Amino acid sequence: VRWGRMGVLGWGAGGGAVFWVSQSMQAMADEHDLTRVGQGKPTVVQIHDPSCPTCTALQRETRKAMKQFGECDVVFLIADISQDIGRKFAVQHGVGHVTLLLFDGEGKRTQTLRGMRQRAELEVILAGHFEQYGGDKMS
């Protein structure tokens with residue numbers, strides 16, 4: 001009986017881990033789906049090189065700044081320039097990595113932020129963008 005309980009607990013923990021991994025993979029796929037630009041919500045797209053420490057720092061600061069919004073209010077996407085689709089997106093918009101592109105709900109680019117930004121600065125910029133293009137309902 002004792003081994004049976006431990007087996008059930010282990011199976012349950014393993015199932016939870018599999019669920020967490022699958023949810024994380026789906027969230028990552030959603031975050032890289034650049035077709036979501038222009039689908040009705042203001043969008044922030046980071047032009048990102050995963051091998052660039054500055055890009056990683058910008059991503060971390062942007063994610064922190066995005067926490068002021070509800071998950072359904074503003075979309076945060078990654079254009080990974082190590083992948084064809086991300087590289088094409090960057091070329092299409094004429095920008096390099098360490099860049100944030102802000103779009104309105106219809107997919108019109110409204111602002112380009114080049115270079116490293118800190119959370120506090122991004123919070124102000126993103127709040128203004130959301131207020132102008134997404135409504136006034138902060139979460």
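Just so it is clear, the model here is predicted, and its values are computed rather than measured. Below, all heavy atoms of this structure are taken into account, side chains as well, without hydrogens, waters or symmetry copies. Start at 1 with the first residue, then count along the sequence.
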At their closest point, which heavy atom of [X] faces which heavy atom of [Y], and how far apart are they?
| X | Y | answer |
| --- | --- | --- |
| I47 | C55 | O-SG, 4.4 Å |
| H97 | C52 | CD2-SG, 3.6 Å |
| I125 | R117 | CD1-NH1, 3.8 Å |
| A90 | I81 | CB-CG2, 4.0 Å |
| L126 | Q68 | CB-NE2, 4.2 Å |
| L77 | D30 | CD2-O, 3.4 Å |

- Task: State which residue, out of T43, V95, V37, fulfils the side chain to side chain contact (heavy atoms under 4.5 Å, CB included) condition with L101.
- Result: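 One option only clears the test, and that one is V95.
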- Is a side-chain donor or acceptor of T110 paired with a backbone partner of L102 at a separation under 3.5 angstrom?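 Yes; judged by distance alone, with no hydrogens or angles, the pair exists.
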- Measure from the side-chain N and O atoms of Q46 to the backbone N and O of L100, and report whether any donor-acceptor pair falls under 3.5 Å.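 Absent.
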- Message: Going by ring pair (Phe, Tyr, Trp, His ring centres under 6.0 Å), name the residues that satisfy it together with H129, two or more places apart in sequence or in a different chain.
- Response: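 In terms of ring pair (Phe, Tyr, Trp, His ring centres under 6.0 Å), with neighbours along the sequence ignored, H129 is linked to Y133.
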- Side chain to side chain, F103 and R36, heavy atoms closer than 4.5 Å: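 Answer no - side chains too far apart.
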- Query: Do the non-hydrogen side-chain atoms of V75 and V44 ever get within less than 4.5 Å of each other?
  - Reply: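 Sidechains of V44 and V75: no contact.
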Spacing of [atom1] belonging to [X] relative to [atom2] belonging to [Y], to within rounding of 0.5 Å:
| X | Y | atom1 | atom2 | result |
| --- | --- | --- | --- | --- |
| L58 | T99 | CG | OG1 | 8.0 Å |
| I78 | E31 | CD1 | CD | 4.5 Å |
| F130 | K41 | CZ | NZ | 10.0 Å |
| L122 | R63 | CG | CZ | 13.5 Å |
| K64 | Q118 | NZ | CD | 8.5 Å |

- Task: Check the pair K67 / E123 against salt bridge (Lys or Arg N to Asp or Glu O under 4.0 Å), numbers first and verdict last.
- Result: CA-CA 9 Å; K67 288 184 179 183; E123 285 176 343; over 6 Å; no
- Message: Is there a path of hydrophobic side-chain contacts, each under 4.5 Å between heavy atoms of I/L/V/M/F/W/Y residues, joining L113 to V124?
- Response: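 As far as the 4.5 Å side-chain criterion goes, L113 and V124 are not connected within one cluster.
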- Item | Presence of salt bridge, D84 and R87, under 4.0 angstrom |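 Result for this pair is yes, salt bridge flagged.
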Could you list the residues that satisfy side chain to side chain donor-acceptor pair (under 3.5 Å) with [X], not counting sequence neighbours?
| X | result |
| --- | --- |
| Q59 | none |
| S82 | D80 |
| R60 | none |

- Task: With sequence neighbours excluded, give me every salt bridge (Lys or Arg N to Asp or Glu O under 4.0 Å) pair touching residues 91-111.
- Result: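 Sorted result for residues 91-111: empty, none.
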- Query: Quick one: are the ring centres of F89 and H32 less than 6.0 Å apart?
  - Reply: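 Ring-ring flag for F89/H32: false, centres at least 6.0 Å apart.
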- Message: Under the side chain to side chain donor-acceptor pair (under 3.5 Å) definition, can you give me all pairs with a residue in residues 49-58, not counting sequence neighbours?
- Response: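 Sorted result for residues 49-58: D49-S51.
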